[in-house]
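So the structure is just underneath, and the comments pick up after that.
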Amino acid sequence: MTKVRAPLTFAQAVTRIAGLVGWDEACRIVGRAERTVRLWSEPDQGGSCTLDQARDLDAAYRAAGGDGAPLLDAYAFQLEVQVVHRVACRQELANEIEEVSRETGEAIALSIAILNPAATPAQHHRALAEVDQAHGKMAKLRRRITSFLAVGAPSS
């Protein structure tokens with residue numbers, strides 16, 4: 001049974017290269033046993049080749065008539081996904097900062113308004129509602145900021 005390998009992964013790239021140049025040649029190029037190279041082609045094994053080995057495998061793939069550079073293409077794709085994800089997260093952080101600013105501004109304005117001795121119970125309730133909304137936005141902002149912390153990163 002053939003295992004499905006997601007496109008633009010290292011496992012799929014090694015499989016493509018070995019499919020063209022052969023497993024024996026791929027092993028010779030990287031100086032590793034066939035078991036090791038085959039494990040690199042297994043998506044659930046977690047191993048991979050070094051950058052030098054990737055370069056040599058991609059070069060051999062091209063020399064054998066292959067189009068592109070499977071390992072380089074996989075690396076470039078995965079890097080782009082990671083960068084785009086970070087940019088998107090930063091944009092979401094900016095959006096949430098904007099929401100917190102708006103909600104806290106409204107909460108403060110309505111809270112100041114209830115200092116007026118003629119303030120109605122409805123105004124008090126509206127101020128409380130705005131404070132609750134601001135509190136919820138702050139909690140969401142806190143979670144977003146926390147998501148930027150790398151696990152085990154120093155606090156300085």
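- Remark: R55 does not engage D58 in a salt bridge, criterion side-chain N to carboxylate O under 4.0 Å.
- At a threshold of 4.5 Å between side-chain heavy atoms, the hydrophobic network of Ile, Leu, Val, Met, Phe, Trp and Tyr places L20 and F10 in one connected group.
- Residues V21 and A64 come closest through the heavy atom pair CG1-CB, 3.8 Å.
- E130 places no side-chain N or O within 3.5 Å of a backbone atom of A127 that could act as its donor or acceptor partner.
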Residues E99, K140; criterion side-chain contact (heavy atoms from CB on, under 4.5 Å); working and verdict: CA-CA 10 Å; E99 289 176 8; K140 188 175 176 186; 4.3 Å; yes
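- Under the 3.5 Å distance criterion, the side-chain polar atoms of T146 are matched with a main-chain donor or acceptor of R142.
- When side chains are defined from C-beta on, Q82 does not count as touching Q78, because their heavy atoms never get closer than 4.5 Å.
- Shown here for L71 and A54, the closest heavy-atom pair between the two residues is CD1-CA, 3.6 Å.
- Although no hydrogens or angles enter the test, the distance criterion places no donor-acceptor pair under 3.5 Å between the side chain of E96 and the main chain of L93.
- Placement of I145 and I97 within a single hydrophobic cluster is found when ILVMFWY residues are connected by side-chain heavy-atom separations under 4.5 Å, directly or transitively.
- When all heavy atoms of V37 and R32 are compared, the pair lying nearest together is CG2-CB, 4.1 Å.
- In this structure, the side chains of P70 and Y75 stay at 4.5 Å or more apart for every pair of heavy atoms.
- If you take CG on L110 and CD1 on I114, they are separated by 8.5 Å, rounding to the nearest 0.5 Å.
- Annotation for R102: atom CZ counts as buried by contact number, over 12 foreign heavy atoms lying within 6.0 Å.
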Tell me, with the steps shown, if V30 and W40 meet side-chain contact (heavy atoms from CB on, under 4.5 Å). CA-CA 12 Å; V30 298; W40 293 345; 3.9 Å; yes
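- Residues Y61 and D67 approach most closely at CE2-O, 3.4 Å, considering heavy atoms.
- Hydrophobic clustering of Ile, Leu, Val, Met, Phe, Trp and Tyr side chains at less than 4.5 Å, counting indirect connections, unites V81 with L8.
- Between H124 and A119 the shortest heavy-atom distance is CE1-CB, 3.8 Å.
- Distance alone, capped at 3.5 Å, is enough to place a donor-acceptor pair between the R62 side chain and the G68 backbone.
- In terms of hydrophobic clustering, with Ile, Leu, Val, Met, Phe, Trp and Tyr side chains grouped at heavy-atom distances under 4.5 Å, L51 and L79 are assigned to different clusters.
- Interatomic distance, CG of L39 versus OG of S48, reported as 11.5 Å (0.5 Å rounding).
- Under the 3.5 Å distance criterion, with hydrogens and angles disregarded, no donor-acceptor pair is assigned to the side chains of S101 and E98.
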Test side-chain contact (heavy atoms from CB on, under 4.5 Å) on C27 and E34; report intermediate values, then the result. CA-CA 6 Å; C27 295; E34 185 172 337; 3.7 Å; yes
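- Contact annotation: the side chain of P43 never approaches that of T9 to less than 4.5 Å [non-hydrogen atoms, C-beta and beyond].
- Using a 4.5 Å cut-off on side-chain heavy atoms (C-beta onward), R38 and Q45 make no contact.
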Let me see the working for H135 and E103 under side-chain contact (heavy atoms from CB on, under 4.5 Å), right down to the final yes or no. CA-CA 9 Å; H135 184 263; E103 291 297 335; over 6 Å; no
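- In this view, N116 satisfies the side-chain hydrogen bond (donor to acceptor under 3.5 Å, both in side chains) rule with no residue, not counting sequence neighbours.
- When the side-chain contact (heavy atoms from CB on, under 4.5 Å) test is applied to I29, the partners found at least two apart in sequence or on another chain are E25, D56, L57, A60.
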